[in-house]
Enquirer: 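Attaching a single structure in structure tokens format; questions to follow.
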Amino acid sequence: MMADLATRLDEMEAAIRKPAFRQSIGRANEVNYWVFDYPPEKELEVRERIEYLKHKNRKETDGFELVVFDLYDITIDYLERKNYLEKCYHFEKKQGLDRITAAVSNSMKIYDDDNLIVRYIQEHTPEDASRKSTVRFRGLLLSARARRRMFPRNWKSML
């Protein structure tokens with residue numbers, strides 16, 4: 001049984017505050033990240049908590065800078081820049097969610113080495129960020145079902 005959302009958010013906050021989470025240690029010397037699945041109807045609650053964490057965090061006192069990448073916003077911004085957003089609405093009505101998800105994923109090169117989301121994160125990570133001082137939310141803050149549709153299983157390895 002899954003713990004309630006508030007408990008899980010508390011656990012996430014406690015985990016990212018631990019220095020061990022922010023250090024590149026482990027079998028492959030990997031950078032840690034947190035993928036947080038939650039029911040879609042809890043979207044507003046999760047967004048509020050993330051905003052709270054962003055405002056609460058102070059690099060000077062906490063020892064790290066919290067950098068949040070909202071993949072939903074990155075995707076919407078991309079679609080707006082390309083003038084695809086309205087086309088996506090119409091395409092989804094005609095073809096369905098699975099087809100539009102595949103089309104957007106292909107357009108953003110989600111399955112390619114030059115993935116546009118990975119590139120965005122790389123370009124927008126603060127220059128003074130080090131693996132030991134910055135926590136990056138690289139996980140997708142969407143429901144598990146939506147995440148599986150938007151991104152392949154191996155997309156995290158591209159970061």
Enquirer: How far apart are the closest heavy atoms of R119 and D114, and which atoms are they?
Expert: NH2-O, 3.3 Å
Enquirer: Before accepting this row, confirm whether a basic side-chain N of the pair E13/R49 lies closer than 4.0 Å to the acidic partner's carboxylate O.
Expert: yes
Enquirer: Working to the nearest 0.5 angstrom, can you tell me the gap between K82 NZ and M108 CE?
Expert: 10.5 Å
Enquirer: Does some side-chain heavy atom of R47 sit less than 4.5 Å from a side-chain heavy atom of E43?
Expert: yes
Enquirer: Could you report the tightest heavy-atom contact between L79 and C88, atom names first, then the distance?
Expert: CD2-SG, 4.0 Å
Enquirer: Are E11 and I16 packed together at the side-chain level, in the sense that at least one heavy-atom pair is separated by less than 4.5 angstrom?
Expert: no
Enquirer: Knowing that exactly one of K56, K18, R17 qualifies, which makes a salt bridge (charged side-chain N to carboxylate O under 4.0 Å, His left out) with D62?
Expert: R17
Enquirer: Please tell me whether M12 and L44 are part of a single hydrophobic cluster in this structure, the criterion being side-chain heavy atoms less than 4.5 Å apart.
Expert: no
Enquirer: Can we say K54 and E51 salt-bridge, meaning some charged N sits less than 4.0 Å from an Asp/Glu carboxylate O?
Expert: yes
Enquirer: Minimum heavy-atom separation for R58 and H55, please, with both atom names.
Expert: NH1-O, 2.9 Å
Enquirer: For the residue pair Y72 and I76, establish whether any side-chain heavy-atom pair is separated by less than 4.5 Å.
Expert: yes
Enquirer: Can you measure from CG (D73) to OH (Y120) and round to the nearest 0.5 angstrom?
Expert: 8.5 Å
Enquirer: In Å and rounded to the nearest 0.5 Å, what is the CG to CZ distance from N83 to R81?
Expert: 11.0 Å
Enquirer: Nearest 0.5 Å, please: how far is CG in D4 from OG1 in T7?
Expert: 3.5 Å
Enquirer: Locate the shortest heavy-atom distance separating T75 from V104; write the atom from each residue and the value.
Expert: CG2-CG1, 3.9 Å
Enquirer: Taking the side chain as every heavy atom from C-beta outward, state whether N106 and Y111 have any pair of such atoms under 4.5 Å apart.
Expert: yes
Enquirer: Determine whether a donor-acceptor pair (N or O, by modelled atom type, separation under 3.5 Å) exists between the side chain of D112 and the backbone of N115.
Expert: no
Enquirer: With a 4.5 Å limit on heavy-atom distance, are the side chains of I74 and Y78 in contact?
Expert: no
Enquirer: Less than 4.5 Å apart, any side-chain heavy atom of I117 and any of I121?
Expert: yes
Enquirer: Is the shortest side-chain heavy-atom distance between E92 and T101 below 4.5 Å?
Expert: no
